[in-house]
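These notes are about the structure you will find just below.
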Amino acid sequence: GTGVLSTYYIQPTFAYQTSLSRKATLRLDFQPGLIKKSINTDHSIFGDQIVRGGNVATIETLPQSRMYFDAGAGALVYTSNYWVGTSFYHLNMPNESLTYGAPSKLPVKFCVQGGAKFHLEDRKTNYNNNNITLAFNYKAQAKYDQFDIGFYLKEHILNIGLWYRG
């Protein structure tokens, strides 16, 4: 059978921004969250039901829901042409398990991103703001990681790009 797993998030983001210089800006953020996961096993069939004939109640006792606190934070430094930032998710490594006695800690997720915009013409005469933007994003959680790199070309009203997802 099929069970229905539902997840609900309430995760506001609070940010603070300050100037580091005339050209550089720092933005910090904090994201507290309350997450509720629940499962409906009414239409699920467990092994003990099959062994006992299939149309009987299960002896499995699963909690129907779990609510937990989750926290994330990040920072971004940027100018009009360059940016670099970092983000951390699940800083408190919450237990998201729906079973008794078997914790399932959510590992911290780490991201770093950055990029640069290069103008194709002299900025004083570049009324169309034609440019090439290079960008990257690296993220890692537990033993998994991913590195993405790409670019955008803006020429008048045309904006195209290409990304490699590693």
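A continuous path of hydrophobic side-chain contacts links Leu134 to Leu162 [ILVMFWY only; heavy atoms under 4.5 Å]. Tracing side-chain contacts under 4.5 Å through hydrophobic residues (I, L, V, M, F, W, Y), one never reaches Leu91 starting from Leu106; they form parts of separate clusters. The hydrophobic clustering, which links ILVMFWY residues whose side-chain heavy atoms are closer than 4.5 Å, places Tyr16 and Leu20 apart. Grouping the Ile, Leu, Val, Met, Phe, Trp and Tyr side chains by contacts below 4.5 angstrom, directly or via other members, places Val108 apart from Tyr144.
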_Between Thr7 and Tyr9, does the side-chain contact (heavy atoms from CB on, under 4.5 Å) criterion hold? Intermediate values first, please._
CA-CA 7 Å; Thr7 306; Tyr9 299 89; 3.5 Å; yes
*Step-by-step side-chain contact (heavy atoms from CB on, under 4.5 Å) determination, Thr25 to Thr18*: CA-CA 6 Å; Thr25 302; Thr18 187; over 6 Å; no
*asked:* Is there a side-chain contact (heavy atoms from CB on, under 4.5 Å) between Gln113 and Val84? Walk through the geometry before answering.
replied: CA-CA 6 Å; Gln113 56 277 334; Val84 64; over 6 Å; no
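Taking the side chain as every heavy atom from C-beta outward, Phe136 and Trp163 never approach each other to under 4.5 Å. Side-chain contact between Gln31 and Tyr89 is present, with heavy atoms from C-beta onward closer than 4.5 Å. The shortest distance between side-chain heavy atoms of Trp83 and Leu76 falls below 4.5 Å.
The distance from atom NZ of Lys154 to atom CG of Asn159, rounded to the nearest 0.5 Å, is 7.0 Å. The distance from the CD atom of Gln17 to the CG atom of Leu26 is 8.5 Å, given to the nearest 0.5 Å. Rounding to the nearest 0.5 angstrom, the gap separating the CE atom in Met93 from the CG atom in Asp70 is 11.0 Å. Atoms CD and NZ, from Gln146 and Lys139 in turn, are 4.5 Å apart once rounded to the nearest 0.5 Å.
Separation of the Phe30 and Phe14 ring centroids does not fall under the 6.0 Å cut-off.
Between the side chain of Arg27 and the backbone N or O of Val77, no donor-acceptor pair lies under 3.5 Å. A donor-acceptor contact shorter than 3.5 Å links the side chain of Gln141 to the backbone of Pro107. Judged purely by atom type and a 3.5 angstrom limit, Thr133 has no side-chain atom pairing as donor or acceptor with the backbone of Phe151. In this structure, Asn95 contributes its side chain and Pro103 its backbone to no donor-acceptor pair below 3.5 Å.
Around CD1 of Ile10, the count of heavy atoms belonging to other residues, nucleotides or ligands within 6.0 Å does not exceed 12.
Every residue two or more places apart in sequence or in another chain that forms a salt bridge (Lys or Arg N to Asp or Glu O under 4.0 Å) with Lys37 is listed here: Glu96.
With no hydrogens or angles considered, no side-chain donor-acceptor pair links Asn131 and His119 at under 3.5 Å.
Ring pair Phe118/Tyr82 is perpendicular by interplanar angle, where above 60° counts as perpendicular and below 30° as parallel.
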